[in-house]
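Below: the structure, in C-alpha cells.
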Amino acid sequence: MFFGLDAALIVTLMAIGLGAGFLAGLLGIGGGMVLVPCLVFILGKQGVSGDLAIKMGIATAMATILFTSLSSVRAHHKRGAIRWPIVRGIAPGIVVGGLLAGAGAFAMLKGQAIGLFFAVFVGYSAWRMFKGATKTAGVRNGVHGFWGLSAVGTGIGFISGLVGAGGGFLSVPYMSRCNVPIHQAVATSAALGFPIAVANVLGYTVSGWSIANTTPGSWGYFYLPALVLIAMCSVMTAPLGAKVAHGLNVAALKKVFALLLASLAAYMLYKSVQGA
C-alpha cells in the first residue's frame with residue numbers, strides 16, 4: 001500500500017488532485033484554496049487534531065502548488081497571456097512576505113485562528129469579486145510602480161502563507177481593478193503561484209522541523225502521501241483548466257471564482273468554530 005493508505009483514500013486524493021489542477025488552470029488560484037478544506041477533512045479522519053490538521057492542510061496544499069503552478073504557467077504562456085513585467089515586479093515582495101508567514105506567523109498562531117482568518121478573509125474576497133463580477137473596468141489605468149508592486153507582493157505572499165493558497169484570490173482582483181483583462185490576470189496569477197509556494201514551503205519547513213509525526217507519511221507540517229498523489233494528478237489537468245479559461249467570458253469567470261471562494265470560506269469557518 002502507498003504509505004499505508006487504503007485504496008479508497010488513494011482514489012480520493014487522486015480525484016482531489018485532478019479537480020484542484022483543473023481549477024488552478026481555470027482560475028489561477030494554484031489549487032490551494034480547494035485543497036485546504038479537503039485535506040483538513042482527510043487529516044481529521046486520520047486522527048490528527050483539529051489545530052494541527054489545519055496547519056498541515058495549509059502547508060501540504062501550498063507544497064502541491066510548486067508543481068501545479070508550473071504546469072498551469074506553461075499552458076498560459078503558450079497563449080501569450082502572462083504579463084511578465086507584473087510578475088517580475090510583484091515576485092520579490094512575495095518572497096519576503098511568504099518567508100515571514102511560513103517561518104514566523106504560521107508557527108506562532110494556533111490552527112483555529114489561522115482557519116478563522118482563512119474563512120473571514122476569503123469570504124470577504126468572494127464578496128468583493130462577486131460584487132464586481134459584471135464590471136469590465138478597474139479603478140486604475142494600470143498597476144502600481146516598483147514600490148507599490150513590492151508592497152502588494154509582500155501582502156500577497158504573507159496572506160497566502162496563512163491560508164495555503166497560490167495568491168489568486170488576491171492578485172486576480174488586484175489586477176482586475178487595475179484594468180488588466182481578466183484572462184491575463186488569471187494567467188499572471190498562475191505565474192505568481194510558484195514564488196509564493198517556494199517562499200512559504202521553505203518557511204513551513206523551518207517552522208515545522210521539530211513537529212512529531214502524527215500520522216503515517218507525515219513530516220513536519222507536510223502530509224507526504226497527499227502531496228505526492230495530488231501533485232501527480234493536478235499537473236495533468238491544469239493545462240485543461242487553462243484552455244477552458246480562455247474560452248469563458250469575463251463575467252462568468254469572475255462569478256465562478258467568487259462562488260468557489262464563498263463555499264470554501266463557509267466550510268473553513270465551520271471547522272474553525274468547531275475546533276475552538
Self-check item: side-chain contact (heavy atoms from CB on, under 4.5 Å) assessment of Met175 paired with Thr188
Solution: CA-CA 9 Å; Met175 285 184 276; Thr188 304; 3.7 Å; yes
Quiz item: Counting only heavy atoms not in Arg74, do more than 12 fall under 6.0 Å of its CZ?
Solution: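 Count not over threshold, so no.
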Exercise. Give a yes or no on this: more than 12 heavy atoms of other residues, nucleotides or ligands lie within 6.0 Å of atom CH2 of Trp84.
Key: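 Yes - once you tally the heavy atoms of other residues, nucleotides and ligands closer than 6.0 Å, there are more than 12.
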According to a 4.5 Å side-chain heavy-atom criterion applied to Ile, Leu, Val, Met, Phe, Trp and Tyr, with indirect links allowed, do [X] and [Y] form part of one hydrophobic cluster?
X      : Y      : result
Ile90  : Leu70  : yes
Ile42  : Val11  : no
Ile156 : Phe146 : no
Val206 : Phe222 : no

Side chains of [X] and [Y]: does their closest heavy-atom pair fall under 4.5 Å?
X      : Y      : result
Val228 : Leu13  : no
Leu227 : Trp219 : no
Val96  : Phe158 : no
Met56  : Val48  : yes
Leu162 : Phe118 : no
Phe117 : Ile159 : yes
Tyr223 : Gln46  : yes
Val201 : Leu66  : yes

Minimal non-hydrogen separation, [X] against [Y], with atom names:
X      : Y      : result
Gly157 : Ala101 : O-CB, 4.4 Å
Leu35  : Ala20  : CD2-CB, 3.6 Å
Ala191 : Val87  : CB-CG2, 3.8 Å
Gly155 : Leu170 : O-CD1, 4.4 Å
Ala61  : Val36  : CB-CG2, 3.7 Å
Gly57  : Leu43  : N-CD1, 3.8 Å

Practice problem: Output, in order, the C-alpha distance, side-chain angles, deciding distance and verdict of side-chain contact (heavy atoms from CB on, under 4.5 Å) for Leu149 and Tyr174. | Solution: CA-CA 11 Å; Leu149 285 178; Tyr174 166 71; 3.6 Å; yes
Exercise. Using the test side-chain contact (heavy atoms from CB on, under 4.5 Å), find all partners of Phe106 that sit at least two apart in sequence or belong to another chain.
Key: Lys55, Ile58, Ile114, Tyr204, Ser207, Tyr221
Rounded to the nearest 0.5 Å, how far does [atom2] of [Y] lie from [atom1] of [X]?
X      : Y      : atom1 : atom2 : value
Ile211 : Leu52  : CD1   : CG    : 6.5 Å
Ser171 : Ile196 : OG    : CD1   : 6.0 Å
Ile86  : Leu192 : CD1   : CG    : 8.5 Å
Ser160 : Ile94  : OG    : CD1   : 7.0 Å
Ser234 : Met14  : OG    : CE    : 11.0 Å
Leu100 : Asn200 : CG    : CG    : 10.0 Å

Quiz item: Where the side chain of Thr237 meets the backbone of Phe22, is there a donor-acceptor pair that is under 3.5 Å apart?
Solution: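 Side chain of Thr237 to backbone of Phe22, a donor-acceptor pair under 3.5 Å: yes, one is there.
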Quiz item: Judged by atom type as modelled, is there a donor-acceptor pair below 3.5 Å linking the side chain of Thr12 to the main-chain atoms of Ala8?
Solution: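 Side chain of Thr12 to backbone of Ala8: a pair is present.
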